[in-house]
Structures are given as C-alpha cells and as structure tokens.
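The figures here come from the full heavy-atom set of this structure, side chains too, leaving out hydrogens, waters and symmetry mates. Chain A is the first sequence line, chain B the second, and so forth, proteins listed ahead of strands; every chain is numbered from 1.
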Amino acid sequence: MKKSQANTSRFILLPATQMQTTPESNPNVENFLLNLSSHVMTRSAVRLSVRKSVGEKKKDMGVRVVDSIHENGAKLVEMKEHELADFRFSYPGLRIIPEKFYRRAFIPRADVMVKTKKASVSHSVEVFIVDTNGNPVPDIDVVAFTDFANLEGANGRTRSHGRVTLNVRSKKIERMYVYPEHSYWGYFKKNFQIASGMTIKLQAIDVKYVDALRHFYDTSNWSRISNKVRVAVIDTGVGPHNDLQVTGGGNMVKGENPGDYADNGEGHGTHVAGIIGAFGGVHGLAAGVDIFSYRIFPKGKEASNFDIMKAIDRAKQDSCDLINMSLGEDGLDEGIVSSIKDAYSAGILCFAANGNEDRSPVNFPASYSLSLAVSAMGRKGTFPAGTVQSGIVHAPYGSDKQNFIADFSNVGPETDLTAPGVGIISTFPNNLYAIMDGTSMACPAAVGMAARILSTQPAILNMARNQQRADEMQKYLSTKIKSMGFGSNFEGKGMLFP
Amino acid sequence: MNYILKYAGSKSPDENKLNSILRSNNVKIVDGSMSPKMLLVDLGGVDVNKLQVAMKGEWDVFPEKKYGVPDTRRKIRK
C-alpha cells in the first residue's frame, strides 16, 4: 500500500442543503445519518459497504464517527483519504467538507517584493509555419522558452505569410510549442539550437484519427442514445457546426443578445459540446443527447459567477439532467455553492473540471462535494509524434503503462473521476475541427459517458426531480466505473465505461 | 464592488421592500434579469454588512467573482 493511501482525515458530513435533513432530503440520507448517530465516539469504526464498480470484488470501508450535531444532522467522521471517492459514489447526497482549523486573526508581515530581471534580448529569429503542402499558415501562436522553469522566452503569432519573429536571449531553446487554434495538430520540440528561417510543418487534423477519446470509446460505431437526456454546457456558447444540434439555451452575459447562445468565437464551448454529442464528421459520446448551451463567457473576457449562477438556474428551469462546467478557479465561491445545491435538489448532477495548473489542488467548483470532479488522462500513441501532446506525458502511469495522468491536471482527494483529456479531436465553430487538451475536455468526456449510461435507465430519469433522483443517478454511474490504476488522488474512483 | 443578492426565503420575495432597501442605501442594480429571485448589484461605498442587516437575513449576499476560460497553453512570464 502506498504511504499516502493510509492517511486518515476528518470530514464533516452534511445533508445536501441544510445542517439537518429536511422533508426535501432523500430518506436514505436521513437513515444514513441516523445510523451514524448511534456510533458517536465508539472506538471502533463503522463498517460501510462500498458500491461495486465493474470487475470489483465486494468490499467495505471503515468510518469512525467522532461527533454529531443532531441525530439527523452534521457528523464529524474519520476515514481514509483514498476511500473518499468510494464513499462519495456509495453514499451520494451528502456534502463532505474537510475539517478545518482557524487561527486567531493577526496582521501578517508584508511579503518581500522581488523584481524579476527583464531578460535581455540578443537574438532575433524568424520561424516559418507551413502546412504539409508547404503553404504558409497564418494566425498560429508560437512560444519558445529559453528557461522553462522561470517561464522566460519569447512568443508571437504568425502573420499572413506564415512567419513570426521571436526575440530571444539565447538560441538554445529548452521548449518550443506551436499552438494552432483549429484545423491542425500543434508542434512541440525540446532542447535544440534555433536558427532563423526554421520551418515547421503542421499536420492537418484527420477526423478519422483514433485519439485518446476514441481509443477508449469507439464512438463512430455507437448508435444514438435511445432515451432523452438533457445536458447543459455552461461555457463560451456552442456552434454553429453541422455535427451539432443545440436544443436550447440562453446567453447569460449582460449586454449581449440573450437569444444568442452560439459560440462567442473562442471555440471552447463548441469543442466541449462536440465531445458530448457530436454526430457527423466526429462522434461524441452521447450522440442524440439534447444539448443546452448557456453562454457565460464574453469573448476574450472572464465570466462572472452571477452569470454562472444564472446559467445553473436556467438549466434547472429547462429540466436538464446533467450540467457540464469546464471551468474553475481556486477558493470557494458560496454563490455557486448555493446554485449547485439548488441543482442537486432538483435532481441534476453537476460535473466540473479539476483545473489545469500542473498538479495544483482541485479547482472550485470541482472541489465542492456535491459536484463530480474530473481529472485528465492521456494515452501514448494516440497523438502524432512531435505534437504538443508529447510534452504532456507525465507520471503516474496506470495499470496499462501507456496511460498517464496529463502533466497539467490538478489532482487531490476531491477527484471523483478521470477521463481522456489529451489530444482530443472535436468540433470548432463554423464547421471546423480542433485539437484541445485539458480537464475541460475530460469533464465533457465524463458527462457524455454519464449521459449514455443514464439513457439506458428510464426508471431513474423518470423519477421526481429531487435529491433522491440525483443520488440514484450517481449510484448507478458508480457501477460503471473502472479503476485505471492511477491511485485515488489522480483518478478518484476511475473512468466511466458503457 | 459588485455583489449577488439571492433570495433565501420560502415565500415569494417582496420586491417593493427590496427596492426600497436598495434605494435607501444607494445600491445600484447592475443586472436585474433574474429579479426578483436574484440580482447583481453595485454597492459603491456601502458596507455589505449594513446591507445584510437591512435585509434581515432574507437574502444571501455573495461577492461577484470572475472565471477564465481554462487553457493548457504554456505562456511566457511577462
């Protein structure tokens, strides 16, 4: 057993909305809390059965009940950190908050301000970006690091003739990244001497290429889902794209046309939606799903939590079943917490991306216990050599050593699931295709798979829209999760399979 | 600074009462598209605690926060 897996921590268990269960609460949640009340301060741990995943043997876990506030209310418990994901999927409908200790307020000493030395420029080099036929490709971002650890180097965008000039301190380049917005794979090279006139050929996207998503999920041979499932995509907007049908939605951004929920041009939301429900040139995981697009990002700007809250509320009004939030920041946001609670109480499951800050703690809202947090994994051999994705390969590797957790993926005990998020081919506005990486792509992969799995369960989908419905959806999904062997901090309970 | 007001009561919110509190505290409505359940307001120089007291716990008050479009592209430190 790994040392980290034996760590025991204390957590506060709370019903979905209040300190105690209410008439709206799932009776199973109330019974669970009442049962734990009878074990307060007993020395031995309560043995709880764990919901089995695909191929898993029957198992249980120990939870010690330390304290309680009301029999049907908050419980302070001790459990092993690596069993958190198992607990969340086995006993959904509970908020799980790590116990936290507060110090007396005091005035901290002012941080010492360190001024970064401005890198002196001594070399001006021109880089030429072309396609495989030698045609120049404009509007491509090129980033060259002379000191990657300190993020020093130069960047630029190719002009109409495919050329960009980089002013670098040294010709020894530690890392070079070339990022096309769409239509091509990117480019990556490490540790080389750059010379002016360097030409880089970009490989065009072939939509039939077997990327990481299609390695695990043979989407091109999957039929459309049989029962209606509604998925909310809270993002930059969706489409237009011939592979995507958007059932409804709204633009939440003040000052913009409320009826314009197409993509704002950045393409992030269209890529996310394609992973979930594209059907045409590429196939998403749940073709036939009803996609609702709620635009919250003004072009080139950040989104307000107010607009995210509006979007969650609209998704509730539109009777969505699942919400995809490929977004996040650090720190808690009580406003969005209240909206996720509302959604859960209306029988909706919220999925959120772990975040892309290189193994930092899981972002909010993924870190919130009523949402499902998704990390990003990749697989060697599912992207061409020399592309950006080859720079993303990083330990830990799974039980199949070709699989890895993406170097950018945030990780931590709040992680519930992992899904492919490296080198993913999906839709881009105006009938284009793009390669994107991120927990932003892993999140809709999990959502799409969840939609496909739940579409086979009309009895759950037809339940009254309350917390019990959300609990049952989560419980059913837990039976379709397979561990990939990364460890719970990296993959939660594992990956969803049909 | 902007704040979000979200109605926490079980009955319908009293819009007239809310508007009167906002007016008397010189609070500007920035986005009233979800009114009367939820509003985005600009408090200007008004103390948020003073506003919460005036609303007698019927409304939750959250600070506005911004979220960026996630990106994995490596960037030069400026």
Query raised in the report: Does Glu329(A) reach the main-chain N or O of Gly68(B) with its side chain, forming a donor-acceptor pair under 3.5 Å?
Result: yes

Report summary line: Distance col, row Ile76(B):CD1 vs Thr146(A):OG1, nearest 0.5 angstrom, shows 7.0 Å

Query raised in the report: So what's closer than 4.5 Å to chain B heavy atoms on Thr439(A): side chain, backbone, both or neither?
Result: neither

Query raised in the report: At what distance, to the nearest 0.5 angstrom, does CG of Leu39(B) lie from CZ of Phe306(A)?
Result: 6.5 Å

Query raised in the report: Rounded to the nearest 0.5 Å, how far apart are OG1 of Thr72(B) and OH of Tyr177(A)?
Result: 9.5 Å

Requested in this report: To the nearest 0.5 angstrom, please state how far the CG atom of Leu151(A) sits from the CZ atom of Arg77(B).
Outcome: 5.0 Å

Query raised in the report: Which atoms of Asp358(A) come close to chain B, meaning under 4.5 Å heavy atom to heavy atom: side chain ones, backbone ones, both, or neither?
Result: side chain

Query raised in the report: Where does Ala406(A) contact chain B at under 4.5 Å (heavy atoms): side chain, backbone, both or neither?
Result: neither

**Report entry** Leading residue by heavy atom contact count with chain B [cutoff under 4.5 Å; candidates Pro258(A), Gly300(A), Gly328(A)]
**Finding:** Gly328(A)

Requested in this report: Using modelled atom types only, decide if a donor and an acceptor are shared between the side chain of Lys6(B) and the backbone of Gly335(A) within a distance under 3.5 Å.
Outcome: no

**Report entry** Contact check, side chains of Pro63(B) and Glu334(A), non-hydrogen atoms, under 4.5 Å
**Finding:** no

Requested in this report: State which residue, out of Ile296(A), Asn363(A), Ile336(A), fulfils the side-chain contact (heavy atoms from CB on, under 4.5 Å) condition with Tyr67(B).
Outcome: Ile336(A)

Query raised in the report: Thinking salt bridges, do Lys310(A) and Asp31(B) make one under a 4.0 Å N-O criterion?
Result: yes

Report summary line: Okay, Glu266(A) and chain B: the region with an atom under 4.5 Å from a heavy atom over there is side chain

Report summary line: Okay, Asn2(B) and chain A: the region with an atom under 4.5 Å from a heavy atom over there is neither

Query - Lys75(B) vs Val143(A), side-chain contact (heavy atoms from CB on, under 4.5 Å): CA-CA, chis, key distance, verdict - result: CA-CA 7 Å; Lys75(B) 294 174 186 73; Val143(A) 188; over 6 Å; no

Report task. Apply side-chain contact (heavy atoms from CB on, under 4.5 Å) to the pair Met309(A) and Ile4(B), showing each step before the final yes or no. Result -> CA-CA 10 Å; Met309(A) 291 167 72; Ile4(B) 297 159; 3.6 Å; yes

Query - Heavy-atom pairs under 4.5 Å with chain B, option from Asp235(A), Asn150(A), Asp407(A) with the top count - result: Asn150(A)

**Report entry** Intermediate values then yes/no, side-chain contact (heavy atoms from CB on, under 4.5 Å), Thr236(A) and Val69(B)
**Finding:** CA-CA 8 Å; Thr236(A) 59; Val69(B) 180; 4.0 Å; yes

Query raised in the report: By a 4.5 Å heavy-atom criterion (distance strictly below it), what part of Phe188(A) contacts chain B: side chain, backbone, both, or neither?
Result: neither

Query raised in the report: Given the rule in the salt bridge (Lys or Arg N to Asp or Glu O under 4.0 Å) test, do Asp437(A) and Arg73(B) qualify, once you have shown the distances and angles that lead to the verdict?
Result: CA-CA 9 Å; Asp437(A) 310 298; Arg73(B) 293 186 177 198; over 6 Å; no

**Report entry** Interface moiety of Phe297(A) toward chain B, non-hydrogen atoms closer than 4.5 Å
**Finding:** side chain

Requested in this report: Kindly give the heavy-atom pair with the smallest separation between Ser326(A) and Pro70(B), and that separation in Å.
Outcome: O-CG, 3.1 Å

Query raised in the report: Out of curiosity, Lys66(B) NZ to Ser304(A) OG, how far, rounded to the nearest 0.5 Å?
Result: 5.0 Å

Report summary line: The interface call for Asp307(A) against chain B, heavy-atom contacts under 4.5 Å, is side chain

Query raised in the report: Can you tell if the side chain of Asp313(A) reaches within under 4.5 Å of the side chain of Met34(B), non-hydrogen atoms only?
Result: yes

Report task. Give, as side chain, backbone, both or neither, the part of Ala376(A) having an atom under 4.5 angstrom from any heavy atom of chain B. Result -> neither

Query raised in the report: Got a sec: does the CG of Asp330(A) have more than 12 other heavy atoms crowding it under 6.0 Å?
Result: no

Query raised in the report: Between Asp141(A) and Arg74(B), does at least one N-O distance fall below 4.0 Å, as a salt bridge requires?
Result: no

